[in-house]
Asker: 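Below you'll find the structure I mean.
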Amino acid sequence: MPRPPMVTVIGRKNSGKTTFVVQLSAELRRRGHRVMIIKHGAHTFNIDPAGTDTYRHYHEGEAERVAMVAPDKFALVARWNEEESAESIAERYMGDADVVLCEGFKASALPRIEIHRRAVSDQPLFDRDAAAAALYLAVVTDAPALDLPPAVSRIALDAANCVHDVASLVEREVMGLR
């Protein structure tokens, strides 16, 4: 499958990335887009509790892949030796998305939107001298002023239309819609 349009939302821990990605996904969905999300985690996870059949298949049976199927959802847990990129995951599993929102993946070459809250850090991650600066579409912030180049939008985090404005930016700059 071809790789769908992708954008990542980055920020420091507890900056509100998850809340923002949820709101952005809901807004893009409201606009009629098929949205999929990839969340980067720094640590391993279990999607089923110890003692369940699928847990036992994966942990005790050491199966390479375990699929969990229910009438309303599907999950696949797969072992890997090294982490795949968000791009390869989207290409492999999400090719039918209109847009894939990623959370995290700071090291990727994806276009990015940073969430910056002054309560978490005085300064955003954005560094105009870093190579990644060219990947930035916007910084969504409660800081009254930031030193951003003209190509990077500053969107007020507390504005009533914040999520709407970011959704429009994603449609225009990531999805190629006018």
Side-chain angles (χ1 to χ4, degrees), residues 1-42 72-74 84-178:
M1 280 190 186
R3 192 184 103 191
M6 299 176 70
V7 63
T8 191
V9 175
I10 65 167
R12 297 185 196 280
K13 184 176 178 155
N14 296 321
S15 63
K17 296 179 300 293
T18 298
T19 298
F20 193 83
V21 169
V22 167
Q23 293 171 344
L24 180 58
S25 176
E27 174 63 19
L28 289 165
R29 180 79 178 124
R30 187 189 64 70
R31 294 179 185 202
H33 303 300
R34 190 169 191 192
V35 181
M36 299 184 192
I37 298 172
I38 303 173
K39 160 84 171 131
H40 186 263
D72 63 334
K73 60 183 130 184
F74 164 81
E84 285 191 44
S85 69
E87 295 91 338
S88 68
I89 292 167
E91 188 173 314
R92 190 171 183 182
Y93 299 107
M94 301 178 170
D96 55 343
D98 292 331
V99 64
V100 175
L101 305 178
C102 298
E103 182 181 332
F105 297 99
K106 287 184 236 182
S108 76
L110 292 170
R112 59 193 57 200
I113 297 164
E114 180 179 346
I115 307 300
H116 168 253
R117 290 184 192 275
R118 290 179 295 169
V120 174
S121 176
D122 291 339
Q123 296 297 316
L125 295 170
F126 177 81
D127 175 358
R128 67 171 46 244
D129 297 324
L135 300 171
Y136 273 74
L137 300 176
V139 176
V140 180
T141 183
D142 59 0
L146 290 177
D147 181 27
L148 299 174
V152 179
S153 299
R154 180 202 170 275
I155 298 175
L157 185 59
D158 53 1
N161 58 345
C162 172
V163 174
H164 177 274
D165 290 350
V166 173
S168 296
L169 178 75
V170 168
E171 284 179 324
R172 186 177 62 252
E173 300 297 327
V174 177
M175 300 170 70
L177 304 175
R178 297 286 168 198

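What you see below is based on every heavy atom in this structure, not just the backbone, and it leaves out hydrogens, waters and symmetry mates.
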Asker: In terms of side-chain heavy atoms, does Ser108 have a donor or acceptor partner in Glu87 at a distance below 3.5 Å?
Answerer: no
Asker: Atom CD of residue position Gln123 - does it have more than 12 heavy atoms of other residues, nucleotides or ligands inside 6.0 Å?
Answerer: no
Asker: To the nearest 0.5 Å, tell me how far Met175 CE sits from Leu28 CG.
Answerer: 6.5 Å
Asker: Quick one: closest heavy-atom pair of Met6 and Cys102, and the distance?
Answerer: CE-SG, 3.6 Å
Asker: Provide the full list of side chain to side chain donor-acceptor pair (under 3.5 Å) pairs with a residue in residues 146-158, sequence neighbours left out, each pair given once.
Answerer: Arg128-Asp147
Asker: Under 4.5 Å between any side-chain heavy atoms of Ser85 and Glu91, yes or no?
Answerer: no
Asker: Under 3.5 Å, is there a donor-acceptor pair between the side chain of Arg12 and the main chain of Arg117?
Answerer: no
Asker: If you look only at distance, which donor and acceptor atoms sit under 3.5 Å apart when one is on a side chain in residues 133-143 and the other is two or more places apart or in another chain?
Answerer:
| from | atom 1 | to | atom 2 | distance (Å) |
| --- | --- | --- | --- | --- |
| Tyr136 | OH | Glu114 | OE1 | 3.1 |
| Tyr136 | OH | Phe126 | N | 3.4 |
| Thr141 | OG1 | His116 | O | 3.2 |
| Thr141 | OG1 | His116 | ND1 | 2.8 |
| Thr141 | OG1 | Ala143 | N | 2.9 |
| Asp142 | OD1 | Arg118 | N | 2.9 |

Asker: Using the side chain to side chain contact (heavy atoms under 4.5 Å, CB included) definition, which of the options Ile10, Thr8, Val170 pairs with Ile113?
Answerer: Val170
Asker: If we ignore hydrogens and angles and just use 3.5 Å, is the side chain of Thr19 paired with the main-chain N or O of Gly16 as donor and acceptor?
Answerer: no
Asker: Once rounded to the nearest 0.5 Å, what's the spacing between atom CE of Met36 and atom CG of Asp98?
Answerer: 8.0 Å
Asker: Tell me every residue that passes ring-ring contact (aromatic ring centres under 6.0 Å, His included) with His164, counting only those two or more places apart in sequence or in another chain.
Answerer: none
Asker: Looking at every heavy atom in both Arg29 and Val35, which two are closest together, and how far apart are they?
Answerer: N-CG2, 4.0 Å
Asker: About how many Å separate OG of Ser88 and CD1 of Ile38, when rounded to the nearest 0.5 Å?
Answerer: 8.0 Å
Asker: Using every non-hydrogen atom in the two residues, find where Val9 and Lys17 come nearest and quote the distance to one decimal.
Answerer: O-CD, 4.1 Å
Asker: Please tell me if the side chains of Leu177 and His33 come closer than 4.5 Å, counting only heavy atoms from C-beta onward.
Answerer: yes
Asker: Please name the pair of heavy atoms, one in Ala97 and one in Pro4, separated by the smallest distance, quoted to 0.1 Å.
Answerer: O-CB, 3.5 Å
Asker: Where do Glu27 and Ala167 come nearest, in terms of heavy atoms and distance?
Answerer: CG-CB, 3.5 Å
Asker: Hey, does Lys39 have a side-chain heavy atom less than 4.5 Å from the side chain of Val21?
Answerer: no
Asker: Enter the distance from Cys162:SG to Ile155:CD1 here, rounded to the nearest 0.5 Å.
Answerer: 6.5 Å
